[in-house]
Protein chains: 2
Amino acid sequence: MTEGEVDAASRVEAAAFLWAQPSGRKPGPKPRYTLDGIAEAAIAIADESGLDEVTMQRVAERLGTTKMALYRYVPGRAELDAIMLDTALGAPVVAEGVQWRAALTAWAAGVHTRAMTHPWVVELVQRPHTPGPGELAWFEAGLGTMVELPLRGGEKLDLLTLLVGHVMSLVRQRDSSRAPEQQLAASLASILATRAELYPRTASAFAEADDDGARDDALRFGFERVLDGVAALVAERGASSSSPS
Amino acid sequence: MTEGEVDAASRVEAAAFLWAQPSGRKPGPKPRYTLDGIAEAAIAIADESGLDEVTMQRVAERLGTTKMALYRYVPGRAELDAIMLDTALGAPVVAEGVQWRAALTAWAAGVHTRAMTHPWVVELVQRPHTPGPGELAWFEAGLGTMVELPLRGGEKLDLLTLLVGHVMSLVRQRDSSRAPEQQLAASLASILATRAELYPRTASAFAEADDDGARDDALRFGFERVLDGVAALVAERGASSSSPS
DNA sequence: AACTGATTGCGTCCACTGTACGCGATCGCG
DNA sequence: CGCGATCGCGTACAGTGGACGCAATCAGTT
């Protein structure tokens, strides 16, 4: 058995754990902690110090116990990640009674907000994993904004993925422009300065972008492009299929 | 000093290492290995068994030495990731003498090809890091396809990021639908089957997508949407700037 | 030709992961 | 009232990245 297979297996287990309903029977001592409490602690650590500071030890310390005690609640590290992600995602944002374009924008903006609150979710979401109830609820809500659209199922999924990808990219950028990560941007800048003749377009693009200040419309720019593209497709299909007015 | 800061610092060091030019002086024993050889070995391991099987130990074993010997060539794990990524990316694809739309599509398709060859680059690219020479060359080439477009620098960068994000999402999907990761998809399917009433739209969207077979046009679908959106913007700006009616 | 000091190969050691396992304490249910 | 499932948690271990130090090597200088 390869390690790769082990990893895959552990991710499946993590999913099973995430979807397991709470068992009611309790023939034993009262649990001293709760899954939610553990998730909260882990999330707090991740928010404060980053995802890879989240270790069984740290979480346990924060709860005032030892790491091995946690294994009574969480089968392993993978499962901890899973509940962290699903907890942090929370309930999806839904904008009722608006057109698909506004609804989809609101949905994606909601994803953005959530991800900005917990920048580490980017890492977890973009890691191979089975979605939990919360993540699926987001998906469901996103699909809900598109019921009217003449798109195939796969296309709708692709569209959501595209929007999520865009949001996550931006969160990553924003996050890494914070201290102390801004050294990253700084090092890139110095590299570009040194080899401006090797990468002229890149250098000038970045310079130009800096002049614009920290454009907060990058998010909107991406949405607009994608949704314009969708609108074009919808117009085309609407014209050819239903009622050419 | 927080660990988070340490991480950031190590990434900056990784960048410096990546951009360092080979020093010529050699007052000592001949190096028995080369950076390229090490990178190759690491890449081979990642290709065969996945990224997290790439450990100093494994790489050393593959080269027939011990891990500590490697530290003479590579300052640390972060730097190993950096050279793996930059080596695997290789030289950018450029389509000369075609319109921006075709050129940009070809560029993105090139990214897709490279990423499919080494699925683990997705993980590395989407991790916070300073780009190496290879990655920057890709960026430069991508920007090169857009010289004619009436877009601001920041917008061009956003556009490339958007396309890359889309490509990476798809690579991830393809990759995780391979054995043994396909259990992931399988577990999602069984979840959806069980709770179809909770996630009706998601369930039907996936069912529909499966009916379409493994649509290989997901990539193209995303490109089309985005580029249609860009075309719309270009048309608008072209009209208002050159010949205002 | 001898010397010298930078540089290489690599063994030892350490902090710290995640986690298997086992033991005693607890307490709901029959 | 006791049976046995469940809890808290200590011990133990394999495997990680990495600091450090020492001996062997060899390019330059003398």
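Just so we're on the same page: letters track the sequence lines, and every chain starts at 1. On a predicted model such as this, the values are computed, not experimentally measured, just so you know.
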Q: Grab the CE-P distance between M56(A) and dA15(C) for me, whole Å please.
A: 23 Å
Q | Nearest heavy atoms of L70(B) and A60(B), plus distance in Å | A | CD1-N, 3.7 Å
Q) Could you give the CG-to-P distance, from D52(A) to dC16(C), as a whole number of Å? A) 15 Å
Q. Salt bridge between R62(B) and E48(B), side-chain N to carboxylate O under 4.0 Å?
A. yes
**Q.** Below 4.0 Å: OP1/OP2 of dC16(C) and any side-chain N or O of T55(A)
**A.** no
Q | Gap between atom CD of E40(A) and atom CG of D47(A) - 0.5 Å precision | A | 11.0 Å
Q) What distance do T202(B) atom OG1 and I191(B) atom CD1 have between them, rounded to the nearest 0.5 Å? A) 12.0 Å
(Q) If we count only N and O atoms by modelled type, under 3.5 Å, do the side chains of S187(B) and T130(A) hold a donor and an acceptor together? (A) yes
Q) When you check the phosphate oxygens OP1 and OP2 of dC16(C), does a side-chain N or O of Q57(A) lie under 4.0 Å from one of them? A) no
Which protein N or O atoms sit under 3.5 Å from an N or O of nucleotides 7-13 of chain D?
from, atom 1, to, atom 2, distance (Å)
dG8(D), OP1, R32(A), N, 2.6
dG8(D), OP1, Y73(A), OH, 2.6
dG8(D), OP2, Y73(A), OH, 2.9
dG8(D), N7, R72(A), NE, 3.2
dG8(D), O6, R72(A), NH2, 2.8
dC9(D), OP2, T65(A), OG1, 2.5

(Q) Side chains of L162(A) and S169(B), heavy atoms from C-beta outward: is any pair under 4.5 Å? (A) no
Q. CZ of R77(B) versus P of dA19(D): gap in Å, rounded?
A. 15 Å
Q) When you check the phosphate oxygens OP1 and OP2 of dG15(D), does a side-chain N or O of R58(B) lie under 4.0 Å from one of them? A) no
